[in-house]
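See structure below.
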Amino acid sequence: MSSWILTALIAIPLVGALFLAGAPRKNEGLFRWGSLAFMAVNLVLSISLLSSSWETPGLRYVVDIPWIEQFGIAYKVGLDGISLWLVLLTTLLTPVALFASWLSVNQRIKEFAIAFLALESAMIGTFVALDLFLFYVFWELMLVPMYLIVGVWGGKDKIYAALKFFLYTMVGSLLMLVAILYVGSQYHALTGIYSFDLQDLSRVALPYSSQIWLFSAFALAFAIKVPMFPFHTWLPDAHTQAPTGGSVILAAVMLKLGTYGFLRFAMPMFPLAAHYLGPTIAAIAIIGIIYGAFCAWMQKDVKKLVAYSSVSHLGFVMLGIFSLNASGVSGAILQMVNHGISTGALFILVGVIYDRRHTRLLSDFGGLAAVMPLYAVLFVITSMSSIGLPGTNGFIGEFMILAGTFASNALQPWSRIFVLCAATGVILAAIYMLHAVLKMFWGPVTHEANKALKDINLKEGLALAPLMLLVFWIGLFPNHFLKPMESTVEQYLARYQSKLVEINRDDSLRLLPPELASGAAAPIDEEAEQQAEQQAAARKPSGDHYVVGALEAGSHTVSATAR
Amino acid sequence: MLDLIIRFSPLVLVLVGAAAVMLADAFSDKGQSNDLSTVTFWAFVGASGGAIGLWVQGDTMALHPLVAPFLAADPMALLLDAVIAGAGAITALLAGAYLREHQMERGEYYVVMLLAAFGAMVLVHSTHLLSVFVGLETMSLGVYSLAAFRRTSPRSVEGAMKYFLLGSFAAALLLFGMALLYGATGEMELAAIATALVEGSAHNTLALLGTALITAGLAFKVGAVPFHMWSPDVYEGAATSVTAFMAVVVKVAAFTVWVRIAVVALSAANLADPFSGWPPLVMGLAVASMLVGNLSALVQTNVKRMLAYSSIAHAGYIMVGFVAYAHSAAGGDEGAGDQALSAMLLYLASYAASSLLVFGSLIWAGSKGKEVVSYEDLKGLGRRHPWIGVAMMVGALSLMGFPPTAGFIGKYYLFQSAVNVGDGLIPLVIFAVLASAVGAFYYLKLIVVMYMEDQEQEAAQAVPMRSVHLWAAIGLAAYFVFRIGIAPGNYMEIAIGAARAL
Amino acid sequence: MGIGEYLALGSILFGIGATGFLTRRNVLIQLMSIEIMLNAVNVVFVAFNRFMPSNHMGQVFAFFVIAVAAAEAAVGLAIVIAFFRLKKTVVTDAGDSLRN
Amino acid sequence: MNTSGLMLFWVSAAVALGSAVGTISMRNPLRAAVSLLIHILSLCGIYLSLKAHLLATIQVLVYAGAVVVLFIFVIMLIGPTANEQRAPRAVGTRILGAVGALLSTSVLAFTLVRHDAQLLPIPQCPPGAGAECGQFGGVTAVGAELYLGSMVPFELVSILLTVAIVGAIAVAKGKTTATSPKNEGPTTPEGAA
């Protein structure tokens with residue numbers, strides 16, 4: 001029965017949306033609390049996912065039922081160590097974002113709640129989908145509620161921002177659709193049957209030239225979503241125009257779908273292309289890190305600053321992913337969560353001040369520390385987390401990514417240069433964040449209107465509390481979060497390497513043996529379990545403190561996979 | 001005789017419906033209100049049911065020799081009968097709501113509509129040039145007069161006149177093509193033409209010329225660029241219920257007969273060669289239609305005109321399926337060919353459902369004296385009347401090709417079948433998806449004006465009409481949009497079956 | 001004397017009709033041009049039939065074309081009358097209330 | 001084909017071409033209609049030269065007797081406004097249209113004539129041939145083909161005529177007054193229908 005948890009996670013918000021759609025418009029409280037109640041149920045349910053034995057790699061909670069049988073399209077969902085935290089991030093941050101929104105959204109509450117519920121459902125679906133067709137459906141479905149959230153409840157340029165967001169994403173995803181269709185038809189050509197199951201499609205070994213094209217199509221869709229430089233231009237618009245809750249979800253969860261897409265689909269399916277284009281993408285990611293940081297520095301609007309900082313931070317995530325070793329990849333996954341928490345919190349904080357002053361310009365503030373001490377403390381903590389100060393979550397993620405990049409085999413011979421440049425990004429992050437903090441909180445109160453500002457209230461505090469908790473929890477006990485993904489990441493990398501070797505052997509269209517497929521369910525037969533246990537035992541000596549061992553682990557991967 | 005009536009029960013039922021409407025209209029008192037639209041609706045439902053029943057029964061008995069050369073009763077015809085009758089049923093309800101609201105209800109409307117639909121159904125059954133011609137003209141004459149039905153409106157009559165003139169011109173082209181094909185082969189039955197062409201006893205040049213002219217004539221009927229000039233004007237001018245009927249029924253029937261002619265008659269290797277026969281011609285039409293349709297739709301201010309251009313673009317997408325068919329047929333891959341054809345059929349059905357939903361919502365949004373025609377009229381509608389907004393949004397998303405609606409499945413299936421042909425068509429598919437991304441812009445504009453723009457206080461607000469007929473029509477259309485969108489499996493099966501039997 | 005002359009006649013007549021249709025702006029003349037085109041097609045049909053006399057399908061088709069042309073003329077002229085009532089002209093260029 | 005047949009063809013063809021050009025170039029629609037009448041009658045000659053006797057008769061009955069009369073009737077109904085005023089606009093496109101149409105037609109005609117050689121000569125009835133050969137184009141043979149072989153389309157044409165009649169009535173019956181094109185909603189009720 002427990003395998004239906006994922007389906008329930010998708011279905012509960014949807015049921016909630018339908019329920020609220022039928023409810024009478026007058027009762028505002030129903031929509032505010034009802035939507036939160038559905039999300040809370042989802043959150044509790046998703047926490048139960050942690051109870052699985054995460055020492056073994058592979059997918060669990062797999063449900064696989066045929067949907068469109070003519071094309072082998074199935075409703076197939078499952079969860080592994082990579083998607084686990086992202087699902088939890090979604091179930092946690094959606095209610096937080098919605099709760100934070102209730103402070104400022106006063107009109108069309110019914111539709112707002114419905115849009116959020118639908119959005120949550122689609123996002124979870126995207127994270128757990130293992131069938132490419134299903135993935136595409138959820139991926140597209142996500143667009144509509146977000147489009148409406150930005151376009152209906154947004155700021156004054158909301159229509160432009162919403163359209164830009166929608167069209168950018170749609171162009172990318174349509175090309176991805178063509179690529180999906182192409183791989184599907186290649187699988188059909190090889191086997192005579194259709195399938196869009198990741199497990200099946202990842203067995204198709206394609207020649208180099210088609211891999212490059214297909215990977216590029218996937219990469220474009222995901223890079224737009226991430227967003228990577230130079231496809232990032234929709235992001236500042238969408239973020240600044242979106243209502244607070246929309247910005248939070250957009251930054252905290254939706255951007256992760258791009259990086260997740262690289263990890264889950266683009267790289268395992270086209271390892272050869274990923275191998276050859278990897279350094280280029282990493283270089284672009286670094287350009288993004290530095291470019292985003294500089295842009296953030298230049299901003300006069302705090303919300304835009306946070307938006308550009310996302311471009312920079314997600315550059316780190318991309319770098320970690322393409323470093324292709326345990327430290328880099330798990331750092332990237334953790335950093336996805338971290339960025340969700342810290343940027344989400346930042347957007348909420350920006351929303352708080354905007355609600356009071358109706359401006360977000362840095363020059364309109366100053367000396368707020370004296371007026372709103374608690375707010376200042378929270379803002380500084382979040383900034384530290386965003387910068388990556390030791391003790392906060394940001395540090396762990398960025399350190400692991402940098403360590404992974406340093407030791408990366410895939411990024412040779414540029415890995416050291418990459419680390420150097422990326423480290424500049426960390427410094428720049430400190431500069432622009434501290435610059436903002438300084439301008440907003442230090443010095444005398446320069447504006448009359450700022451003198452009477454109320455400090456953070458209970459509701460706002462409640463919205464921020466879980467995020468603050470997580471900032472320190474991840475910062476101080478990273479192993480709680482790294483452990484569940486450890487085995488999955490290692491298995492992921494091993495598969496990736498062996499598939500790469502296998503494909504490199506012969507540049508022709510063929511079907512790989514099933515053991516090279518991605519997206520296989522967790523082993524349930526005894527032999528495989530024993531094997532997994534042995535693997536787990538073999539990993540033990542690397543020490544409990546995974547972070548410290550990151551460098552070692554990185555070099556270990558290098559030697560193990562040296563070809 | 002009884003056997004024939006049963007075999008062609010969809011057509012017969014539509015005719016009976018027309019007769020019933022005519023009688024009811026003739027023998028009723030002046031002031032007495034007749035619900036002719038309901039009669040029409042049930043006639044269409046009966047026809048649709050008849051087609052489904054015949055499909056289920058799966059009768060393959062030979063037809064009477066007098067009928068056999070002209071009309072087939074094969075699965076494809078039955079499937080399209082069901083689609084046309086279903087669309088007819090929904091448009092009958094729309095007409096019942098629209099005409100009454102705007103006070104132009106007259107009995108002739110339903111008679112002409114039923115007979116035009118009859119023509120369309122004859123067209124999808126046709127296996128002979130003669131019945132193709134007669135069916136096409138029956139349908140067209142009916143639609144011409146429906147387009148001019150709102151005769152107090154200069155726009156309506158003007159659009160109808162343009163449509164009539166260009167339509168007759170295209171019919172003449174088609175006819176000339178048929179004459180040349182007849183001259184080349186000495187045959188008029190589609191299958192016999194194919195035999196003559198394949199055996200090589202035909203005159204090649206005549207056949208090629210004939211093929212080109214027939215393609216041009218049919219391209220006109222489906223509204224493909226460069227034969228599309230009539231469609232924006234007539235879409236805009238005609239009463240909205242007529243536009244809906246025209247957009248769906250004419251397009252579906254014309255595409256079906258095109259499929260039949262191309263697949264059955266023009267299948268000879270030299271004519272259907274992917275690089276020198278009609279396929280490159282169709283490919284050119286497809287590319288031009290997608291390009292011109294989408295780009296022109298971007299700049300429209302009138303929603304009906306926008307939908308006209310969007311229907312041109314949709315014709316372009318459907319023709320991608322045609323090209324895919326030609327390529328796979330030339331490659332000898334029968335399975336892929338059937339798939340491409342069935343993708344076209346499914347696309348037609350999904351296009352029908354989503355168009356009807358959009359047109360229905362457009363009708364819904366306007367009431368007497370305040371018809372909704374421009375984006376301006378729709379401003380803020382989604383906020384004031386959420387259900388209309390939702391209905392139109394779903395329709396627009398479906399036309400855009402967004403999951404989980406019928407439009408997405410249609411596009412998916414079509415593009416999948418084109419990709420399956422091999423690498424040769426990938427550029428075309430990429431072009432098509434990029435074109436549909438352009439298309440997204442103007443469909444989103446609908447959502448933008450409905451939800452995101454605020455209406456000025458002094459501007460006249462659109463007041464929705466209230467009609468049970470209309471709600472029923474919207475409900476039906478929405479049902480099919482989601483039904484095909486979420487569980488398309490058995491529809492695909494049916495479409496494949498129809499294509500295979502062709 | 002072969003079929004060539006007939007085909008040439010038919011296609012030239014068709015071309016004359018098409019030219020008239022494309023160049024004239026008087027709806028009535030345009031309708032007449034269409035009639036010329038349909039008649040040209042009939043000539044082609046009947047000519048082909050003469051050279052393949054195993055049946056009369058070409059001639060039969062010509063019958064149908066004549067019947068359809070008559071029906072088309074009826075509907076077309078009805079639309080022309082409706083147009084005339086509204087516009088007091090039969091020139092298609094006067095149809096400019098559309099496209100803006 | 002004998003000499004009288006040839007004569008018939010060439011004379012009819014010349015008249016048909018001349019009258020067709022006349023039809024499309026006349027300013028006065030009434031004259032154009034008369035020219036069309038001549039065109040239609042001249043085609044009878046062509047049909048006769050092709051041994052399509054029944055068709056030639058029908059051509060006179062239906063076309064000359066009905067269609068052209070309908071045209072003339074409508075022209076009379078409309079009155080002097082039916083004359084085309086000189087339209088200054090779009091001369092360029094018209095010339096382009098004319099050139100295009102004539103060019104494509106001549107290409108068509110040329111191609112068709114060139115392929116004359118491939119086609120069979122007109123089959124002549126051999127001396128002592130059966131009744132069937134002699135019957136070509138006759139009332140019995142064509143009638144059998146029309147009413148038996150093509151019974152189905154023949155019946156379908158009855159529907160076509162019905163739709164044409166009802167459609168024409170729907171469009172043109174009764175008096176209509178225009179609503180302003182600006183206010184697209186048909187706010188005024190339909191005229192007495």
Side-chain angles (χ1 to χ4, degrees), chain C residues 1-9 11-20 22-26 28-29 31-33 35-36 39 43 46-47 50-51 53 55-57 59-60 62-64 66-71 73-75 77-82 84-86 88-91 93 97, chain D residues 1 6 13 16-17 20-21 23-24 29 32 36 39-40 43 46-47 50-52 55 58 62-63 66-67 70 74-75 78 81-82 84-85 87 89 94 97-98 101-102 105 108-109 112-113 116 119-123 136 141-142 145-146 150 153 157 160-161 164 167-168 171-172 176 178 181:
Chain C
M1 186 71 192
I3 194 168
E5 283 82 350
Y6 285 98
L7 293 186
L9 177 67
S11 38
I12 291 170
L13 286 177
F14 192 84
I16 292 173
T19 312
L22 293 173
T23 54
R24 294 300 298 266
R25 283 296 169 263
N26 187 321
L28 292 164
I29 309 270
L31 276 174
M32 290 181 205
S33 302
E35 299 294 341
I36 292 177
N39 272 305
V43 169
V46 177
R50 184 71 189 92
F51 289 85
N55 60 22
H56 290 89
M57 278 320 285
Q59 289 195 29
V60 167
F63 277 104
F64 282 95
I66 291 175
V68 169
V75 172
L77 289 170
I79 295 176
V80 170
I81 289 176
F84 175 75
R85 281 184 185 152
L86 297 175
K88 304 288 173 230
T89 176
V90 286
V91 179
D93 279 349
S97 64
Chain D
M1 199 178 274
L6 279 177
L17 285 170
V21 171
T23 308
I24 66 158
L36 181 66
H39 175 72
I40 282 161
L43 288 185
I46 303 285
Y47 294 153
L50 287 166
K51 284 193 88 177
L55 195 64
I58 302 285
V62 176
Y63 254 116
V67 176
L70 194 61
V74 170
I75 293 165
I78 285 172
T81 29
E84 188 175 344
Q85 293 87 1
R89 283 198 282 159
R94 284 189 196 191
L102 286 176
T105 313
L108 198 67
L112 293 182
V113 173
D116 185 14
L119 292 166
L120 305 167
I122 292 188
F136 181 78
V142 180
E145 193 95 28
L146 184 59
S150 307
V157 164
L160 181 132
L161 293 174
V171 173
T176 46

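First the proteins, then the strands, lettered A, B, ... as listed; each starts at 1.
- Among all heavy-atom pairs drawn from Ala172(D) and Arg85(C), the shortest one is O-NH1, 3.0 Å.
- The side chain to side chain donor-acceptor pair (under 3.5 Å) test applied to Thr23(D) returns Ser35(D), not counting sequence neighbours.
- Shown here for Ala67(C) and Leu161(D), the closest heavy-atom pair between the two residues is O-CD2, 4.3 Å.
- Here Tyr63(D) pairs with Glu35(C) under the side chain to side chain donor-acceptor pair (under 3.5 Å) rule; sequence neighbours left out.
- In this structure the side chain of Ile66(C) reaches within 4.5 angstrom of the side chain of Leu55(D), judged on heavy atoms.
- Side-chain contact check for Ile81(C) versus Val171(D): every heavy-atom pair is 4.5 Å or farther apart.
- Of all heavy-atom pairs spanning Ala73(C) and Val67(D), the tightest one is CB-CG1, 4.1 Å.
- Residue Leu43(D) touches chain C through its side chain alone, counting heavy-atom pairs closer than 4.5 Å.
- Among Ala16(D), Pro153(D), Ala168(D), the residue with the largest count of heavy-atom pairs under 4.5 Å with chain C is Pro153(D).
- If you measure heavy-atom distances from Ala32(D) to chain C, the contacts under 4.5 Å come from both the backbone and the side chain.
- The nearest pair of heavy atoms linking Leu28(C) to Pro29(D) is CD1-CB, 4.3 Å.
- Side-chain contact between Tyr6(C) and Ile46(D): present, with at least one pair of heavy atoms (C-beta onward) separated by less than 4.5 Å.
- In this structure, Ser150(D) and Phe63(C) have side chains that are not in contact, with every pair of non-hydrogen atoms separated by 4.5 Å or more.
- Both the backbone and the side chain of Leu146(D) come within less than 4.5 Å of a heavy atom in chain C.
- For a residue to count as touching a neighbouring chain, one of its non-hydrogen atoms must lie under 4.5 Å from one of that chain's; by this rule Ile79(C) touches chain D with backbone and side chain alike.
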